[in-house]
Q: 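One structure, pasted below without further comment.
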Amino acid sequence: MNRKFTMIQAITEALDQKLADDPRVMLLGEDIGVNGGVFRATEGLLSKHGAERVVDTPLAESGIIGSAIGLSLNGMLPVAEIQFLSFIYPAFEQVVSHAARLRHRTRGQFTTPLVIRTPYGAGIRGPELHSESVETFFVHTPGLKVVVPATPYDAKGLLISAIEDPDPVLFLEPTRLYRAFKEEVPEEMYRVPIGKARIVEEGSDLSIFAWGSMMRTAQLAAKQIAQEKGWSCEIIDLRSLYPLDLDTIIASVKKTGRALIVHEAHKTAGLGAEITSLINDEALIYLKAPVKRITGYDVPVPFFTLEDSYMPTPARIRQGIIDTMQF
Amino acid sequence: MLIEKDMRARAAALTGRLEDVRIPELFQVITPDGEVQQGIENRIDPALMVRMYEQMTRARAFDRKAVILQRQGRIGTYAPFEGQEAAQVGSALALKEGDWMFPTYRDHAAILTHGQTLENLFLYWMGRMEGCMCPAGKNILPPSVPIATQMLHAAGAAWANKIKGEGAISIAYFGDGATSEGDFHEALNFAGVYQLPVLFFCQNNGYAISVPFQRQSASRTIVQRAAAYDIPGIRVDGNDIFAVWLAVREAIERAQAGRGPTLIEAVTFRYGAHTTADDPKKYRDQEVLAKEWREQRDPIERLQKFLIKKELWTEEKEQVLMNKLTDEIEAAFAKVEALPKTRPVDMFDHVYADVPWHITEQRQEFLSLQDEEGGHV
Ligand SMILES: Cc1ncc(C[n+]2csc(CCOP(=O)(O)OP(=O)(O)O)c2C)c(N)n1
């Protein structure tokens, strides 16, 4: 059967199916019940599964994540929604000091298998502080997993994996992709494994690594350059930012000899720096050019009139490809 | 009165409790019919009464214009405040020039009244950072988007006011939802411990996006939380500008006398959506509630009735005011719409006092990527 879903619909279906499948699963967050979430990801789930399992919480992120930690260590599988990534900061303490560390501190005796879902990134002309891309804070925290789907198919499969994962998972949803396009999403409960990148397009001249909404920007640039110069780019969607799929990254660089990393986050200490370093460690002698990063700038994400200038554009990526190819 | 009955009924329906906790009294001066309930109106100068009316009307005209502009795609997502004019204007008119104001994204009426320009307000909602600035000499911070965070800044600024001994106070605006965040409690606690000259001004408009206050908190009122921190609290009819003004004046006098902070709960209602991206029909009986509040408790109409009875206001004055406001708002928007576009390269400014090498480098690189017309690629 041909079912074409947006990313939002795929997320709703994953939540719906896991709620039906496992009585330990519950959702909690601000405005997720009656209102169905500000992006409508939980639309319809309250009436279907009841107010005990789809819970409108008070406006308190530390309360949401802190209580999700307690729920999860005592047998539940909470999926907490934070309305926008920038509003996770009141809960930062709970995420980094507790959720991420409890397994380690108790030598595996207590664990926190919870999922934190949150929209992130620019591109929908949101108000101030609705567009940030600060995945690094969490990738930097041992004990957490961080995943980012770039397609409806991956969104459903990765979310199911995240809910079933024994560790806390931060599930970042690129706001710009929520309703950007549809694709076929199978009805069954399939899983996309955490920790595995996806080769979006095979290529031989240069490897491009990206995630979230930058995937599509990178694809556009690669297509342009293929027409213009005949160069073939291999495009890899990392999907899982922690843990990274080192094997896929290194195999690709060994094949092409050139690497370009594209991310929306600020450049300094962004994930691109880590990937560059891994490539240097594992594939230096295969490199024909230095690894290049095309990223958001090291300035606060500007208000929406300038968000297009802040985010990597196909033109910037194109220039990055040319610089790397002609090094 | 009506609001109290509502509160009890709704709380009872949700929690099964009824009369076991006393709801603090609501301070009200003028009834919705414009009748004076208490003999305090002579504490307010007639000229100030007229100013209150003009400012509320100005704020509402701005708000309505902004909603229309958003629908036309000329400004971005906007947070309307219609219905909350008395709370915002009344509190702001009680301040003096040098007092510090810490608003949220919904407190445009308060900041306009305290001296923010219409131009900057429009700029902010047009997605331009310049809109965060305020005229020289004013202490109006940019709207706080993360909920409740600004309450601590207000406490800190008040702390400095106290140290400097200049007599200025701080006021923090926030909603009912904000009272669930840790920062709310931390701010009240600091202010109480250090006896800071700060006013915590809550507009309890009944909803935090979709969540009604009865689902936000098990406490019946916000003001009762003042007791836990041993600071004075007062619950006022937020649609009664006299009550708001008097309550805020009293709190300021207390603060200036070195007797510390006050928590004020102004009970009010937002008629419209949370923001222009929200559909209130999903979580409340929008028609009925908005109509009820508009018809029975509207802050502007209430004052108008009173002013007319006192022969302080006339139909002609109303016409003159309306024309003046339309012109003022149209002119302000025309001015900002005619401004040159933001220069993208400006985003590299003001990140640090001294520009670090990597930002200089990124700025250079950005400029080298401009297209022939100087546009952005
Ligand atoms: C820390 C944080 N969490 C979530 C949000 C998203 N958000 C914006 S407004 C809002 C509701 C606020 O309600 P309330 O404090 O009652 O103020 P009101 O909007 O009613 O004026 C929410 C949840 C936010 N801005 N900041």
Side-chain angles (χ1 to χ4, degrees), chain A residues 30-40 43 51 55-64 66 83-84 86-91 93-94 124-131 266-268 294-310 313-320, chain B residues 76-79 105 123-129 131-132 142-143 145-149 175-184 208-212 215-217 274-275 277-279 282-284 341-351 356 358-359 362-363 365-366 368-369 371 376-377:
Chain A
E30 293 157 13
D31 302 288
I32 68 162
V34 178
N35 210 28
V38 290
F39 286 101
R40 310 287 173 254
E43 181 118 74
V55 185
D56 268 332
T57 65
L59 207 178
E61 291 75 15
S62 184
I64 295 169
Q83 224 155 54
F84 286 87
S86 297
F87 304 142
I88 202 169
Y89 303 130
E93 164 88 79
Q94 294 293 343
I124 58 158
R125 304 214 164 294
E128 187 181 3
L129 276 166
H130 286 67
S131 312
H266 312 294
K267 184 170 195 174
T268 299
I294 303 291
T295 69
Y297 297 110
D298 287 326
V299 303
V301 179
F303 289 9
F304 67 80
T305 38
L306 294 187
E307 70 182 357
D308 295 342
S309 301
Y310 168 83
T313 54
R316 280 178 66 201
I317 300 171
R318 173 184 166 277
Q319 191 58 46
Chain B
T77 303
Y78 172 78
Y105 50 82
L123 283 171
Y124 181 81
W125 292 103
M126 287 164 93
R128 296 180 62 152
M129 200 85 83
C132 284
V145 175
I147 303 296
T149 47
D176 39 305
T179 66
S180 297
E181 295 276 10
D183 281 359
F184 165 84
I209 306 191
S210 69
V211 178
R215 280 284 183 228
Q216 187 65 245
S217 165
H274 169 70
T275 69
D278 163 78
D279 174 13
K282 290 201 65 168
Y283 53 80
R284 67 188 191 191
K341 275 200 190 151
T342 326
R343 294 186 326 145
V345 71
D346 291 350
M347 75 175 138
F348 295 98
D349 296 344
H350 304 295
V351 186
H358 64 279
I359 294 186
Q362 290 176 21
R363 188 176 188 278
E365 185 192 299
F366 182 85
S368 73
L369 281 163
D371 61 23
H376 145 265
V377 293

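Residue numbers start from 1 in every chain, and the chains themselves are labelled A, B, ... in the order their sequence lines are given, proteins ahead of strands. Side-chain atoms are counted along with the backbone in the values below, which use heavy atoms only and exclude waters and symmetry mates.
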Q: Heavy-atom distances under 4.5 Å only: say whether A:Glu93 touches chain B with side chain, backbone, both or neither.
A: neither
Q: Using a 3.5 Å distance criterion without hydrogens, assess whether the side chain of A:Asp298 forms a donor-acceptor pair with backbone atoms of B:Ile359.
A: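 Here the side-chain-to-backbone pair does not exist.
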Q: Counting only heavy atoms closer than 4.5 Å, note whether B:Pro142 contacts chain A via side chain, backbone, both or neither.
A: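 No part of it gets close to chain A.
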Q: Please name the pair of heavy atoms, one in A:Ala60 and one in B:Glu181, separated by the smallest distance, quoted to 0.1 Å.
A: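 Closest approach of A:Ala60 to B:Glu181, heavy atoms only: CA-OE1, 3.7 Å.
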Q: I want to check something: taking the side chain as every heavy atom from C-beta on, are A:Gln319 and B:Leu369 in contact at a cut-off of under 4.5 Å?
A: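 The answer is yes; the side chains approach within 4.5 Å.
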Q: Please find the pair of heavy atoms, one from B:Pro146 and one from A:Phe87, that lie closest to each other, and give the distance.
A: CA-CE2, 4.1 Å
Q: Among B:Asp176, B:Ile209, B:Ile147, single out the residue with the greatest number of heavy-atom pairs under 4.5 Å to chain A.
A: B:Ile209
Q: If you tally heavy-atom pairs under 4.5 Å against chain A, which of B:Ala79, B:Ala148, B:Ser180, B:Ala277 wins?
A: B:Ser180
Q: Please classify the contact between A:Pro302 and chain B as side chain, backbone, both or neither, with a heavy-atom cut-off of under 4.5 Å.
A: both
Q: Has B:His350 got more than 12 heavy atoms of other residues, nucleotides or ligands less than 6.0 Å from its NE2?
A: no
Q: Is B:Val351 close to chain A through its backbone or its side chain, or both, or neither, when contacts mean heavy atoms under 4.5 Å?
A: side chain
Q: For chain B, which of A:Ser86, A:Pro58, A:Pro127, A:Gly63 has the most heavy-atom pairs under 4.5 Å?
A: A:Pro58
Q: For A:Tyr297, is it the side chain, the backbone, both or neither that has a heavy atom under 4.5 Å from a heavy atom of chain B?
A: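 For A:Tyr297, backbone and side chain are both near chain B.
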Q: For A:Glu61, is it the side chain, the backbone, both, or neither that has a heavy atom closer than 4.5 Å to a heavy atom of chain B?
A: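 Its backbone and side chain both get close to chain B.
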Q: Looking at B:Met347 and A:Ser309, what are the two nearest heavy atoms and their distance?
A: CE-O, 3.5 Å
Q: Which answer fits A:Glu128, side chain, backbone, both or neither, if we ask what part of it has an atom under 4.5 Å from a heavy atom of chain B?
A: both
Q: Heavy-atom pairs under 4.5 Å with chain B are the metric here; pick the option from A:Thr305, A:Leu59, A:Val38 that has the most.
A: A:Leu59
Q: Can you confirm whether A:Arg40 sits close enough to B:Lys282 that some side-chain heavy atom of one is under 4.5 Å from a side-chain heavy atom of the other?
A: yes
Q: Tell me, side chain or backbone of B:Arg363 under 4.5 Å from chain A's heavy atoms, or both, or neither?
A: neither
Q: What closest approach, in Å, do A:Asp31 and B:Ala208 show between heavy atoms, and which atom pair accounts for it?
A: OD1-O, 3.5 Å
Q: Within a strict 4.5 Å, meaning less than it, do heavy atoms of the A:Lys267 and B:His358 side chains meet?
A: no
Q: Roughly how far, to the nearest 0.5 Å, is the CZ atom of B:Arg215 from the OG1 atom of A:Thr57?
A: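 Going from the OG1 atom of A:Thr57 to the CZ atom of B:Arg215 covers 12.0 Å.
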Q: Check A:Phe303 against B:Cys132 and note the closest heavy-atom contact, atom names and distance.
A: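 Closest approach of A:Phe303 to B:Cys132, heavy atoms only: CZ-SG, 3.7 Å.
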Q: Rounded to the nearest 0.5 Å, how far does OH of A:Tyr310 lie from CZ of B:Phe366?
A: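 Taking CZ in B:Phe366 and OH in A:Tyr310, the distance rounds to 12.5 Å.
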